[in-house]
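The figures here come from the full heavy-atom set of this structure, side chains too, leaving out hydrogens, waters and symmetry mates.
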Amino acid sequence: MDRPPPAWFAAGGRNAEPMDLQELRTFVAIADAGSFSRASLRLGLAQPTVSRQIQGLEQSLKAQLFYRHGRGIALTDAGKRFYETVVPVLAQLDDVRLDISEHANAPGGVVTFAIPPSIGATIVAPLVSTFRQACPAASLRVLEGFSGRLAEWIEAGEVDLAILYDARRGGTTNVTPLLLEDLFLVRAAGVPAPRSTLATKGLDFSRLALVGAGHGLRRVVDLAVQAEGIPQPTYLEIDSVTALKQLAERGEADTILPFGAVHREVAEGRLSAIQLSSPHMKAKLVMATALNRPISAATRILIDLVREAVCGHVAAGALRGRAYGGATRRRA
């Protein structure tokens, strides 16, 4: 139930002039100082200005707030009631202002970040660490999924930031380019490579296992095959990057993935990766935000950290391709 307005508010009536916040602060300063002249000095205002503000406040309230006596001024009964109400209100306003200011300087809240597994394995762990350092008052929630699901989450406003494959700006999302990834044929280590790079037509499609058609990475492969004039092959479909890597490591299938998804296994000698030379075998990654969801200060910091992380991993060779606005691929 709403509280009834205080007596001093009712005295002003519905058509009373609105009270200025500075007038309220001036009133409290005069009441505390016991003098218009001392309050003027504390506020850094000319005494005529202070007098005009109190006159305006009294006109708004239709009540006298101070009366003069031999030693200065004192509050009237109406002034005392007004003072008892105004002081805690001003204190609450100061607390709110300080709280908002502190949150602006130290962004907080929960940031939900969605990412595909093909790049998540490379950037998420170090990104969590840098985000904690940059935003100690904020929490980061990371979700992993394929592009189709991530696009649904961002369009529904369920996540603050998502990395997607080749998404275009729509009516509910805004996207910015992040990385143009090279794609690689991934197979068991020790299998002789025909050359340092491989054309799409040189693939043994009968051995390929790929993610399902709903994945953005799969769309890139299908379009590349179509552009080369190759009849649409039939693949073993597994919607798990981890399972695809395990099959390749066991020598039971080859797969196509960006280098970031397998750089650790390649470094450990468990998998080999041969770059696909077709200009169509490149996957464009973008950062997406929802237009119907405000971008918090912590989310903006995360966006900058994601771009820095991608540029750094490209420069180090863990990701292969061209980072937009950053480093280019480091060749082996």
Side-chain angles (χ1 to χ4, degrees), residues 1-112 131-132 134-141 157-158 160 289-303:
M1 180 180 295
D2 294 337
R3 288 184 175 180
W8 57 262
F9 181 86
R14 292 183 179 226
N15 297 321
E17 293 291 329
M19 287 172 285
D20 184 88
L21 186 60
Q22 183 57 50
E23 291 177 351
L24 300 181
R25 295 191 184 281
T26 299
F27 164 74
V28 172
I30 294 170
D32 290 341
S35 163
F36 275 71
S37 58
R38 286 195 293 269
S40 298
L41 291 173
R42 292 181 184 180
L43 295 169
L45 298 174
Q47 187 166 335
T49 300
V50 170
S51 297
R52 283 196 302 271
Q53 288 180 352
I54 295 304
Q55 289 173 3
L57 191 58
E58 289 178 332
Q59 290 174 2
S60 175
L61 293 169
K62 294 182 172 56
Q64 184 178 350
L65 300 174
F66 296 100
Y67 69 88
R68 298 183 181 275
H69 53 74
R71 295 184 302 277
I73 61 170
L75 289 168
T76 64
D77 288 342
K80 290 176 182 178
R81 294 197 305 272
F82 192 56
Y83 181 88
E84 291 171 357
T85 302
V86 168
V87 169
V89 168
L90 291 178
Q92 289 177 358
L93 288 174
D94 289 338
D95 289 343
V96 169
R97 183 174 59 181
L98 179 61
D99 182 65
I100 291 175
S101 176
E102 289 177 346
H103 277 81
N105 294 328
V110 178
V111 180
T112 305
F131 182 80
R132 282 177 173 172
C135 297
S139 297
L140 180 62
R141 180 180 180 224
E158 296 177 4
D160 298 288
T289 55
L291 292 176
N292 61 353
R293 185 183 179 103
I295 301 177
S296 67
T299 301
R300 294 186 187 279
I301 290 174
L302 178 62
I303 290 171

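Inter-residue side-chain proximity for Leu90 and Arg25 is flagged as met; some heavy-atom pair is nearer than 4.5 Å. Two residues are said to be in side-chain contact when any heavy atoms from C-beta on lie closer than 4.5 Å; Leu43 and Thr49 fail this criterion.
Scanning all heavy atoms of the two residues, the minimum distance from Ala63 to Ala78 falls at CB-CB, 4.2 Å. Here the shortest heavy-atom pairing between Ala290 and Gly157 reads CB-CA, 4.2 Å. Nearest heavy-atom pair across Gly34 and Ile73 is O-CG1, 3.5 Å.
The distance from atom CZ of Arg81 to atom CG of Leu61, rounded to the nearest 0.5 Å, is 10.5 Å. Separation of atoms CG (Asp160) and CZ (Arg300) is listed at 11.5 Å; rounding is to 0.5 Å. Here CD1 of Ile295 is found 11.0 Å from CG of Leu302. Values are rounded to the nearest 0.5 Å. Separation of atoms CD (Glu58) and OG1 (Thr76) is listed at 7.5 Å; rounding is to 0.5 Å. Between the OG atom in Ser139 and the CZ atom in Arg132 there is a gap of 9.0 Å [rounded to 0.5 Å]. Rounding to the nearest 0.5 Å gives a distance of 8.0 Å between OH of Tyr83 and CG of Leu75.
A donor-acceptor pair under 3.5 Å links the side-chain atoms of Thr26 to the main chain of Gln22, judged by distance alone.
Screening residues 39-53 for salt bridge (charged side-chain N to carboxylate O under 4.0 Å, His left out) gives no qualifying pairs among residues at least two apart or on separate chains.
Asp77 is linked by a side chain to side chain donor-acceptor pair (under 3.5 Å) to nothing, counting only residues two or more places apart in sequence or in another chain. Ser40 meets the side chain to side chain donor-acceptor pair (under 3.5 Å) test with no other residue; sequence neighbours excluded.
The aromatic rings of Phe27 and Phe66 sit tilted relative to each other, their planes meeting at an angle between 30° and 60°.
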Exercise for review: Evaluate the side chain to side chain contact (heavy atoms under 4.5 Å, CB included) criterion for residues Leu65 and Ile30: first the C-alpha distance (whole Å), next the side-chain angles of each, then the deciding distance (0.1 Å), finally the verdict.
Suggested key: CA-CA 11 Å; Leu65 300 174; Ile30 294 170; over 6 Å; no
